[in-house]
A.B. asks: 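My questions all concern the structure below.
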Protein chains: 2
Amino acid sequence: MPGREPGARSASVKDVAAAAGVSLGTVSNVLNRPDRVSPETRERVQRAMSDLGFVRNESARQLRAGTSRTLAYVMLDASNPFFTDVAAGIDTAAESVDLALVLCNSRNSAQRERSHLALLEQQRVQGVLITPVEPDSPALEELAQRGTPVVVVDRTRADQSFCSVAVDDVLGGRLAVEHLLDRGHTRVAYVGGPRHLGQVADRLRGARDAWSAAGRPEDALVEVETAALTVNEGREAGARLAGLPARRRPTAAFCANDLLALGLLQHAISSGVRVPEELAIVGYDDIDFAAAAAVPLTSVRQPRQLLGRTAAELVLDESANADHTHRQVLFTPELVARASTLG
Amino acid sequence: MPGREPGARSASVKDVAAAAGVSLGTVSNVLNRPDRVSPETRERVQRAMSDLGFVRNESARQLRAGTSRTLAYVMLDASNPFFTDVAAGIDTAAESVDLALVLCNSRNSAQRERSHLALLEQQRVQGVLITPVEPDSPALEELAQRGTPVVVVDRTRADQSFCSVAVDDVLGGRLAVEHLLDRGHTRVAYVGGPRHLGQVADRLRGARDAWSAAGRPEDALVEVETAALTVNEGREAGARLAGLPARRRPTAAFCANDLLALGLLQHAISSGVRVPEELAIVGYDDIDFAAAAAVPLTSVRQPRQLLGRTAAELVLDESANADHTHRQVLFTPELVARASTLG
DNA sequence: GCGTCGGATTGAAACCTTTCAATCCAGTTC
DNA sequence: GAACTGGATTGAAAGGTTTCAATCCGACGC
């Protein structure tokens with residue numbers, strides 16, 4: 001038997017009021033300003049509510065009150081642990097101000113992203129946090145224009161028409177390569193792609209900066225471009241590196257993210273290349289699986305939870321304060337050295 | 001400047017109607033039954049909508065129409081790739097019937113789970129899919145009782161008062177151990193815990209069944225209980241196994257999930273134990289990281305996406321068909337043999 | 001006893017959309 | 001030219017909650 005008896009629709013405040021012998025307004029007061037109603041009445045009403053199985057209708061509440069109690073995070077790819085950690089950070093912040101967080105997964109599709117945004121706007125959510133498929137999409141602008149606070153997470157936009165939180169990827173790239181230089185490597189690979197992704201380009205730039213600042217010849221930093229930031233592509237890149245003649249083969253690789261690094265590591269192990277003796281590896285993101293890899297991975301850590309928390313704070317500020325001004329927050333990454341580079 | 005000019009609230013159908021010189025009802029028709037309105041009028045109205053930046057108010061729509069366009073999945077732990085894959089399956093099904101999916105993450109907390117459920121019920125979502133912290137919680141029952149379709153995902157309940165989809169964990173345990181028996185192992189560890197989790201218990205039961213069916217002595221299947229199903233606990237378990245005297249040390253381990261198996265693998269590699277020659281490992285779930293591990297992991301695969309899709313279909317059936325009857329769907333797992341057990 | 005005060009309660013309006021029966025109107029048929 | 005047809009449009013009601021000005025009532029001061 002599915003649910004309630006046929007014909008019975010769920011009880012409304014009106015039913016509760018009748019059952020408790022009070023007016024409609026009093027029931028509402030019990031719900032929203034319990035202190036304004038006398039203890040006896042309050043209890044009578046609450047009793048009626050539970051007797052009738054009353055469940056407040058959020059649509060009606062929101063329609064009348066004009067405010068919603070939810071925040072949304074549109075994530076780029078829920079299967080990347082990095083983003084779920086960011087989401088956890090947002091959740092923590094949302095929880096502390098008693099807002100619910102709903103997650104939407106665009107799964108890398110601009111089309112899905114669009115339809116999620118449309119629905120969220122119709123739902124009048126308090127704010128939208130998003131790691132967009134395409135940071136410069138005009139759809140975001142329009143959404144903000146029409147009055148929904150929007151914060152861009154882990155991406156930056158050319159203009160400053162939004163709040164955003166991100167991590168300094170150029171610095172991250174520099175840290176990684178400086179570490180490898182410290183360890184004495186003279187021939188290093190940068191593994192990442194596609195090149196048009198902001199992250200990939202910025203990390204490469206940082207790597208190049210550090211490389212030339214150390215006075216190394218440009219062509220000793222070899223770029224290995226991949227088609228995506230996945231474990232599979234990392235393995236693939238491993239094969240390509242292995243194919244190089246020994247003289248030109250790098251002794252270390254800096255990967256644009258940990259998934260690539262894990263793939264590369266796997267290729268190395270399965271083909272008998274010792275890590276880090278023959279090939280040192282640096283990843284990026286420091287997801288939990290990095291520390292837990294067969295050879296624990298040196299990685300550039302991004303403050304994932306903090307990223308999320310901060311983004312949530314910005315969106316809340318924008319939604320609450322009339323004199324809000326947009327801010328671009330840039331966090332500093334940190335290198336975590338582990339066995340994959342430490343002989 | 002945050003959003004629209006002060007004072008301007010978003011346009012309503014009424015505004016659109018006025019701007020287009022038609023009645024309210026016509027605007028609604030354009031929105032909901034565009035074929036009923038003449039092409040010229042329709043266009044005029046649509047033009048007015050975009051001029052005014054009209055965004056339909058979903059609360060009002062839902063209040064009047066009485067139906068919501070969303071499905072919800074309350075996940076146990078968004079950072080476990082297994083659940084995000086299940087979510088992707090649900091999403092696919094939801095998309096095909098034009099429902100939006102919102103994800104909530106209870107992060108293993110019964111309290112968070114409760115508050116998510118309460119809000120979802122108030123929002124009158126079309127249905128709730130959930131992997132509960134505690135499958136036998138009465139809260140689920142009450143929710144269903146009051147009329148929200150509920151489907152339990154990847155768990156089973158003692159009674160049959162819900163639809164549920166799960167995978168046959170007893171069979172999965174059997175498959176794993178049969179495989180190890182085939183490979184000639186005579187001393188095997190079962191790594192998992194805490195024991196009160198349904199999954200952990202069922203997989204152990206299957207393992208024992210296979211073991212005794214093969215006529216092996218009971219005490220040659222050693223149980224290693226862990227405090228949680230995480231990578232860290234897996235490493236920990238590795239240390240415990242290594243501590244056993246060689247005579248009593250198992251030559252293979254069957255882990256209750258892949259995270260444990262990955263941790264165990266990591267411990268083995270870092271302490272020089274060869275996999276699979278000295279220690280064969282079987283995981284469970286076959287998450288993507290399993291195939292991508294340093295030594296690709298043999299694992300018991302669950303049809304994750306299918307699990308999600310099926311759950312979504314059940315909840316939709318329950319929400320649409322008055323004569324719906326609850327079903328408990330049990331899928332069959334499948335062993336995927338890889339290098340971690342294949343010499 | 002009268003007037004006043006303040007906390008508790010009430011009742012009606014408002015939020016925005018959808019629905020549906022009623023109306024309108026331009027053609028068509030006889 | 002009257003009667004009808006059927007598609008397009010209209011107008012009002014309804015949905016469940018919150019809000020807020022108004023009312024009620026018992027207590028208190030004088």
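Just so it is clear, the model here is predicted, and its values are computed rather than measured. Letters A, B, ... are given to chains in the order of the sequence lines, protein chains preceding strands, and every chain is numbered from 1.
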A.B. asks: Please report, rounded to the nearest Å, how far the C1' atom of D:dA14 is from the CG atom of A:N57.
C.D. replies: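 My rounded result for the distance is 13 Å.
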A.B. asks: Collect all protein-nucleotide pairs involving nucleotides 4-9 of chain C in which both atoms are nitrogen or oxygen and the distance is under 3.5 Å.
C.D. replies:
| unit_1 | atom_1 | unit_2 | atom_2 | d |
| --- | --- | --- | --- | --- |
| C:dT9 | OP1 | A:S38 | OG | 3.3 |
| C:dT9 | OP1 | A:T41 | OG1 | 2.4 |
| C:dT9 | OP2 | A:S38 | N | 3.2 |

A.B. asks: Can you tell me how far P of C:dA12 sits from NZ of A:K14, to the nearest Å?
C.D. replies: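 After rounding, the reported distance stands at 12 Å.
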A.B. asks: Could you tell me the separation between the CE atom of B:M49 and the P atom of C:dC16, rounded to a whole number of Å?
C.D. replies: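 Going from B:M49 (CE) to C:dC16 (P), I get 15 Å.
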A.B. asks: Which atom pair, heavy atoms only, marks the closest approach of B:M75 to B:A87?
C.D. replies: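 Scanning both residues completely, I find the closest heavy atoms to be CE-CB, 4.4 Å.
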A.B. asks: Just how far, in rounded Å, is C1' of C:dT19 from CG of B:L63?
C.D. replies: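 Going from CG in B:L63 over to C1' in C:dT19 covers 13 Å.
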A.B. asks: Hey, what do you get for CG (A:L119) to SG (A:C104), rounding to the nearest 0.5 Å?
C.D. replies: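 Taking CG in A:L119 and SG in A:C104, the distance rounds to 7.5 Å.
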A.B. asks: Heavy-atom nearest nucleotide on DNA chain D for B:L24 versus A:N32: which residue maps closer to 5'?
C.D. replies: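 Between the two, 5'-proximity favours B:L24.
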A.B. asks: Rounded to whole Å, please give me the gap between CZ in A:F54 and C1' in D:dT18.
C.D. replies: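 The distance from CZ of A:F54 to C1' of D:dT18 comes to 12 Å, rounded to the nearest Å.
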A.B. asks: Is B:R107 paired with A:D91 through a side-chain N to carboxylate O contact shorter than 4.0 Å?
C.D. replies: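 Yes.
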A.B. asks: Looking only at side-chain N and O atoms, does B:S28 come under 4.0 Å of OP1 or OP2 in C:dT18?
C.D. replies: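 B:S28 to C:dT18 OP1/OP2: side-chain N or O found under 4.0 Å.
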A.B. asks: Taking 4.0 Å as the cut-off, does a side-chain nitrogen or oxygen of B:R33 come that near to OP1 or OP2 on C:dT19?
C.D. replies: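 For B:R33, the contact criterion (side-chain N or O under 4.0 Å from OP1 or OP2 of C:dT19) is met.
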A.B. asks: If you pin B:A60 and B:G25 to their nearest nucleotides in DNA chain D, which one's is more 5'?
C.D. replies: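 Nearest nucleotide further toward 5': that of B:G25.
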A.B. asks: Can you tell me the distance, in whole Å, between the CG atom of B:L31 and the C1' atom of C:dT17?
C.D. replies: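 About 9 Å, once rounded to whole Å.
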A.B. asks: Can B:R47 and B:D51 be said to form a side-chain contact (heavy atoms from CB on, under 4.5 Å), step by step?
C.D. replies: CA-CA 6 Å; B:R47 199 200 159 85; B:D51 285 354; 3.8 Å; yes
A.B. asks: Using whole Å, report how far CZ of A:R64 lies from P of C:dA13.
C.D. replies: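 Distance, rounded to whole Å: 12 Å.
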A.B. asks: Could A:R157 and A:E141 be called an ion pair, given the rule that one side-chain N must be under 4.0 Å from one carboxylate O?
C.D. replies: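 A salt bridge is present here (some side-chain N lies under 4.0 Å from a carboxylate O).
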A.B. asks: Is the shortest side-chain N to carboxylate O distance from A:E58 to B:R124 below 4.0 Å?
C.D. replies: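 Answer for the salt bridge query: no.
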A.B. asks: Starting from P on D:dT17, measure out to CD on B:Q123 and report it in whole angstrom.
C.D. replies: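 Distance check: B:Q123 CD to D:dT17 P gives 15 Å.
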A.B. asks: State whether the side chain of B:R42 and the backbone N or O of B:P34 hold a donor-acceptor pair below 3.5 Å, judged by distance alone.
C.D. replies: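 Yes, because the side chain of B:R42 sits within donor-acceptor range (under 3.5 Å) of the backbone of B:P34.
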